[in-house]
Number of protein chains: 2
Amino acid sequence: MKRKITLKQIARELGVSISTVSKSLKDSDEISTDTKQKVKAFAKLYNYRPNNIALSLKNRRTKNIGVVIPDIVHHFFTTVFRGIEKYANQHGYNVVVCVSDESYEKEVFNMELLANGSIDGFIMSVSAETQQKNDFSHLKEVMEQGFPLVLFDRVIDEIECDKVIMNDEEIAYQATAKMIAEGRKKIALVTTESYFNVSEKRAEGYKRALKEHGVDYDEKLTLVLPFKGVEESYIEDFVENKNFDGVLCVNEIFAVLLMATTQKKGIRVPEDVSVIGFTDGLLSRYSSPTLTTVAQHGEKMGEMAAEMLIEKLENEIGFHEEEDYRTEIIKATLIERGSTINT
Amino acid sequence: MKRKITLKQIARELGVSISTVSKSLKDSDEISTDTKQKVKAFAKLYNYRPNNIALSLKNRRTKNIGVVIPDIVHHFFTTVFRGIEKYANQHGYNVVVCVSDESYEKEVFNMELLANGSIDGFIMSVSAETQQKNDFSHLKEVMEQGFPLVLFDRVIDEIECDKVIMNDEEIAYQATAKMIAEGRKKIALVTTESYFNVSEKRAEGYKRALKEHGVDYDEKLTLVLPFKGVEESYIEDFVENKNFDGVLCVNEIFAVLLMATTQKKGIRVPEDVSVIGFTDGLLSRYSSPTLTTVAQHGEKMGEMAAEMLIEKLENEIGFHEEEDYRTEIIKATLIERGSTINT
DNA sequence: TATCAACACGAAACCGTTTTCGTAGTTTTT
DNA sequence: AAAAACTACGAAAACGGTTTCGTGTTGATA
């Protein structure tokens with residue numbers, strides 16, 4: 001087991017001071033070419049690499065980004081994460097991930113932990129419980145301590161910081177409008193409980209599309225499913241008792257479940273009913289029929305979030321200008337597949 | 001913006017030395033009860049938390065675990081990651097993730113970066129390219145530097161370290177045997193190119209099951225699909241030209257694609273052909289019919305890997321005993337769903 | 001020859017902790 | 001009353017770097 005070599009050891013071996021070694025490796029012109037070459041050769045031979053921890057302590061920056069997300073076994077979040085990791089890595093940052101598991105307590109705990117020097121800034125999407133409780137003091141806290149924060153997807157209006165969101169309302173409008181254009185008259189909405197602001201936005205877009213196209217909104221055509229533990233009977237009842245010829249689902253699971261149920265009852269997709277979902281994951285691509293769905297471009301969101309955070313981090317060096325927080329909107333796109341009638 | 005308070009500041013405010021503050025907070029009996037109380041009260045008031053970086057430098061341990069995986073937008077890897085993160089968090093460790101993206105170069109680069117002090121040990125699954133190249137010097141390197149290493153799933157026989165694997169051969173045997181028990185006589189195998197040792201193991205189990213049950217092995221019934229970019233025609237040709245009544249697929253995507261193709265051709269699942277896949281992800285659960293599949297229990301694998309790593313990390317403190325490397329096998333289980341005929 | 005700048009390097013502070021060791025001042029022992 | 005033992009605290013080293021500033025040695029300039 002060979003430990004990593006340090007400046008001190010190189011200095012001792014070469015009979016020079018630590019400063020000389022450090023400067024040589026940085027190619028400082030305070031040091032003679034001769035000495036520099038000796039030091040560099042020696043360092044190369046022993047594969048010297050500066051210790052990140054020491055650098056972090058000295059520079060007061062870790063080159064680590066903290067990512068706090070509600071879930072990791074989840075297509076959207078993993079795509080966002082991939083974008084973050086990719087961009088961060090390209091710019092010399094590492095990523096430490098904490099999963100809040102939709103729990104307020106874990107979220108707070110993890111952020112406090114990370115804020116004790118492990119990271120330079122946060123990228124996060126708040127947990128469901130946090131949204132419910134409406135308590136964001138931990139976010140304010142880290143911001144007051146000087147940590148840049150970028151929120152994505154599940155953002156908080158009350159918190160002033162950089163944000164990356166989707167055009168949920170608009171894309172839901174487009175999806176609904178598309179079904180209306182197909183000639184659908186009774187379009188249902190399958191959504192989750194409403195404390196998720198994204199679900200709310202999607203519902204708004206859905207309603208606006210109906211209204212602007214002169215289609216009556218019937219609240220009985222909205223099915224609200226619980227966040228976890230969806231019973232198949234909920235959907236069966238809905239399909240049995242309601243009469244619809246188009247459905248907008250706020251995620252792909254609901255969409256696939258719904259398609260399976262209608263098909264079982266002999267209702268054909270897309271001939272009898274059009275189905276559009278959200279999240280362009282495996283399910284959408286491999287279901288039968290393949291699912292027309294809203295691609296959220298999570299990777300782009302992640303890259304954008306990382307870019308915004310890193311920009312803040314690197315500029316913090318300069319003088320502290322007035323806070324200018326941006327909200328970037330990553331446009332979702334509708335991917336037309338087999339569950340709708342496409343032109 | 002209030003910066004975090006340090007020992008030095010507390011010391012100055014209270015007119016005592018840094019050592020006294022440090023000792024007081026650790027409740028050392030070198031310090032008078034009176035002084036301790038004062039210090040503690042002050043520290044609490046200002047919400048003092050020791051700086052992780054300084055601690056890391058001092059203790060020469062970061063309480064960070066490095067996880068290097070080929071992909072993150074992948075059900076199996078995310079479940080493993082969830083297990084790692086969960087166990088690590090419960091034991092006071094943070095997790096920094098690097099995605100190798102199946103690239104040898106990125107894998108090497110990331111590991112070198114992490115090895116410069118950012119983490120205490122590695123948990124990883126090697127990239128496809130690394131397996132192909134058969135070059136593991138970077139793994140040996142980090143081990144020589146004293147970093148404990150735990151490999152999971154895609155492990156390397158040549159490297160001596162802790163490992164967590166699945167009983168791939170056995171479960172493939174069981175899956176195949178199950179189809180034979182259903183009365184299937186011509187069982188196909190859909191697999192990936194063979195440099196993945198897991199695919200190989202699965203193929204072995206498949207062959208052994210055929211052999212031990214007196215079913216002839218026909219190599220024409222094996223379809224090898226490329227790692228990326230599967231053309232639908234490959235599968236269509238296979239379904240068209242081969243005659244089989246059961247299929248074992250090494251992942252759920254292949255299984256779902258195959259089911260879609262057979263169904264399109266009027267071949268019913270499971271009446272005419274049984275299908276079994278690997279990876280109990282969303283696809284398996286929501287396909288039509290639902291897919292009988294091998295659940296890999298990734299979360300357990302992750303927990304086990306984290307447990308093994310952390311045990312090594314905590315015991316390293318003691319004297320350096322003889323290396324005792326374990327290989328833990330997490331047993332996969334067959335989940336019977338609608339794509340097979342179950343008893 | 002005295003002065004001065006350039007050169008090449010080292011000492012030391014600093015980042016924020018922990019911990020060993022030393023030492024005043026007080027109390028106990030003999 | 002002198003020696004020994006506590007008590008309560010501080011100084012300083014250490015972790016591994018970076019960086020400012022100082023300094024001895026040159027060679028050139030006046």
Side-chain angles (χ1 to χ4, degrees), chain A residues 2-40 42-43 46-64 115-120 145-146 316-317, chain B residues 2-40 42-43 46-64 113 115-120 145-146 317:
Chain A
K2 52 172 186 191
R3 290 217 76 78
K4 304 221 96 180
I5 196 167
T6 68
L7 286 188
K8 192 192 273 195
Q9 294 170 43
I10 299 183
R12 189 160 1 106
E13 294 291 324
L14 259 44
V16 295
S17 75
I18 296 182
S19 343
T20 303
V21 178
S22 175
K23 288 171 189 166
S24 297
L25 294 175
K26 299 201 110 65
D27 214 29
S28 156
D29 48 4
E30 276 184 59
I31 308 294
S32 69
T33 326
D34 200 42
T35 310
K36 280 197 281 195
Q37 285 196 343
K38 261 185 225 155
V39 173
K40 282 184 194 166
F42 192 90
Y46 284 90
N47 197 29
Y48 170 79
R49 294 274 179 280
N51 180 309
N52 285 337
I53 301 292
L55 287 180
S56 297
L57 186 56
K58 179 69 188 166
N59 302 333
R60 285 135 146 255
R61 48 209 314 262
T62 61
K63 288 263 182 177
N64 282 160
N116 291 143
S118 302
I119 56 139
D120 298 336
Q145 287 178 19
E316 213 177 359
I317 313 284
Chain B
K2 53 174 187 190
R3 289 218 78 77
K4 303 222 97 183
I5 196 167
T6 68
L7 287 188
K8 191 192 272 196
Q9 294 170 43
I10 299 183
R12 186 156 9 102
E13 294 293 324
L14 259 44
V16 294
S17 75
I18 296 181
S19 343
T20 303
V21 177
S22 177
K23 287 171 189 167
S24 296
L25 294 175
K26 300 203 111 64
D27 214 29
S28 155
D29 49 3
E30 275 184 59
I31 308 295
S32 70
T33 325
D34 200 41
T35 309
K36 281 197 282 195
Q37 285 195 344
K38 262 185 225 151
V39 173
K40 283 185 194 167
F42 193 91
Y46 282 90
N47 196 30
Y48 170 78
R49 295 273 181 280
N51 180 309
N52 285 335
I53 300 292
L55 287 180
S56 296
L57 184 57
K58 180 74 189 156
N59 302 332
R60 287 135 147 263
R61 49 210 313 262
T62 61
K63 287 265 184 175
N64 281 160
L113 205 70
N116 290 328
S118 303
I119 55 138
D120 297 335
Q145 285 179 19
I317 312 284

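We name chains A, B, ... by the order of the sequence lines, and we start the count at 1 in each one. What you see is a predicted model; the values in this text were computed from it and never measured.
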- Please test A/Ile10 against A/Ile5 for side-chain contact (heavy atoms from CB on, under 4.5 Å), starting from the C-alpha separation and ending with a verdict. CA-CA 7 Å; A/Ile10 299 183; A/Ile5 196 167; 3.9 Å; yes

- Item | Residues that B/Asn59 engages under side-chain hydrogen bond (donor to acceptor under 3.5 Å, both in side chains), provided they are two or more places apart | none

- Reckon A/Arg60 has a side-chain N or O less than 4.0 Å from the OP1 or OP2 of C/dG16? yes

- Task: Would you indicate whether the side-chain heavy atoms of A/Tyr48 and A/Leu7 approach each other to under 4.5 Å?
- Result: yes

- Message: So, taking the atom named CD in A/Glu30 and the one named OG in A/Ser24, what distance separates them when rounded to the nearest 0.5 Å?
- Response: 10.0 Å

- What bend angle does the helix from C/dT1-D/dA30 to C/dT30-D/dA1 show across its length, from five-pair end axes and to the nearest 10 degrees? 80°

- Please give, in whole Å, the distance from C/dC9 P to A/Leu14 CG? 11 Å

- Query: Got a sec? Which of residues 19-27 of chain B come in under 4.0 Å of DNA chain C, heavy atoms?
  - Reply: B/Ser19, B/Ser22, B/Lys23, B/Lys26

- Message: For a quick check of understanding: with a heavy-atom distance under 4.0 Å over all strands, which category does B/Ser56 fall into, base, sugar-phosphate or nothing?
- Response: nothing

- Item | Nearest-angstrom distance from the residue atom NZ of B/Lys8 to C1' of C/dT18 | 15 Å

- Note on the structure: side-chain hydrogen bond (donor to acceptor under 3.5 Å, both in side chains) filter on A/Ser118, not counting sequence neighbours, yields B/Asn52

- Donor-acceptor side-chain pairing of A/Ser22 and A/Ser19 below 3.5 angstrom: no

- Query: Do A/Arg3 and B/Arg60 come within less than 4.5 Å of each other through their side chains, counting heavy atoms only?
  - Reply: yes

- Query: Can you find an N or O donor on one side and an acceptor on the other, under 3.5 Å apart, linking the side chain of B/Lys58 with the base of C/dT17?
  - Reply: no

- Note on the structure: By salt bridge (charged side-chain N to carboxylate O under 4.0 Å, His left out), B/Asp27 pairs with (sequence neighbours left out) B/Lys36, B/Lys40

- Task: Identify, with sequence neighbours excluded, every residue that meets ring pair (Phe, Tyr, Trp, His ring centres under 6.0 Å) alongside A/Phe42.
- Result: A/Tyr46

- For B/Ser56, what residues pass the side-chain hydrogen bond (donor to acceptor under 3.5 Å, both in side chains) criterion, not counting sequence neighbours? none

- Item | Contact summary for A/Leu57 and B/Ile53, nearest pair of heavy atoms | N-CG2, 3.6 Å

- Rounding to a whole Å, what distance do you find between B/Lys63:NZ and C/dT17:P? 17 Å

- Query: Between A/Thr35 and A/Lys38, is any pair of side-chain heavy atoms under 4.5 Å apart?
  - Reply: no

- Note on the structure: Quick tally for nucleotides 22-28 of chain C: nucleotides whose base has a protein heavy atom under 4.0 Å get B, sugar-phosphate-only ones S, the rest -, giving -------

- In whole angstroms, the gap separating P of C/dA13 from CD1 of B/Ile18 amounts to 14 Å

- In chain order, what residues pass the side chain to side chain contact (heavy atoms under 4.5 Å, CB included) check against A/Asp29, with sequence neighbours excluded? none

- Please walk me through it: do A/Arg49 and A/Lys4 pass side-chain contact (heavy atoms from CB on, under 4.5 Å)? CA-CA 8 Å; A/Arg49 294 274 179 280; A/Lys4 304 221 96 180; 4.2 Å; yes

- Sorted by chain and residue number, the side-chain hydrogen bond (donor to acceptor under 3.5 Å, both in side chains) partners of B/Thr62 (sequence neighbours excluded) come out as B/Asp120

- Item | Gap between atoms CG and P, on A/Leu7 and C/dA12 respectively (whole Å) | 18 Å

- Item | Heavy-atom side-chain proximity of B/Val39 to B/Leu25 below 4.5 angstrom | yes

- Min and max contacting nt of DNA chain D in 5' to 3' order, chain A heavy atoms within under 4.0 angstrom, are D/dC15 to D/dC21

- Task: Can you tell me the distance, in whole Å, between the CZ atom of B/Arg61 and the P atom of C/dT18?
- Result: 14 Å

- Item | Sorted by number, the residues of residues 47-54 of chain B with heavy-atom contact under 4.0 Å to DNA chain D | none

- Message: In this structure, how many angstroms lie between the P atom of C/dT19 and the CG atom of B/Asp29, rounded?
- Response: 14 Å

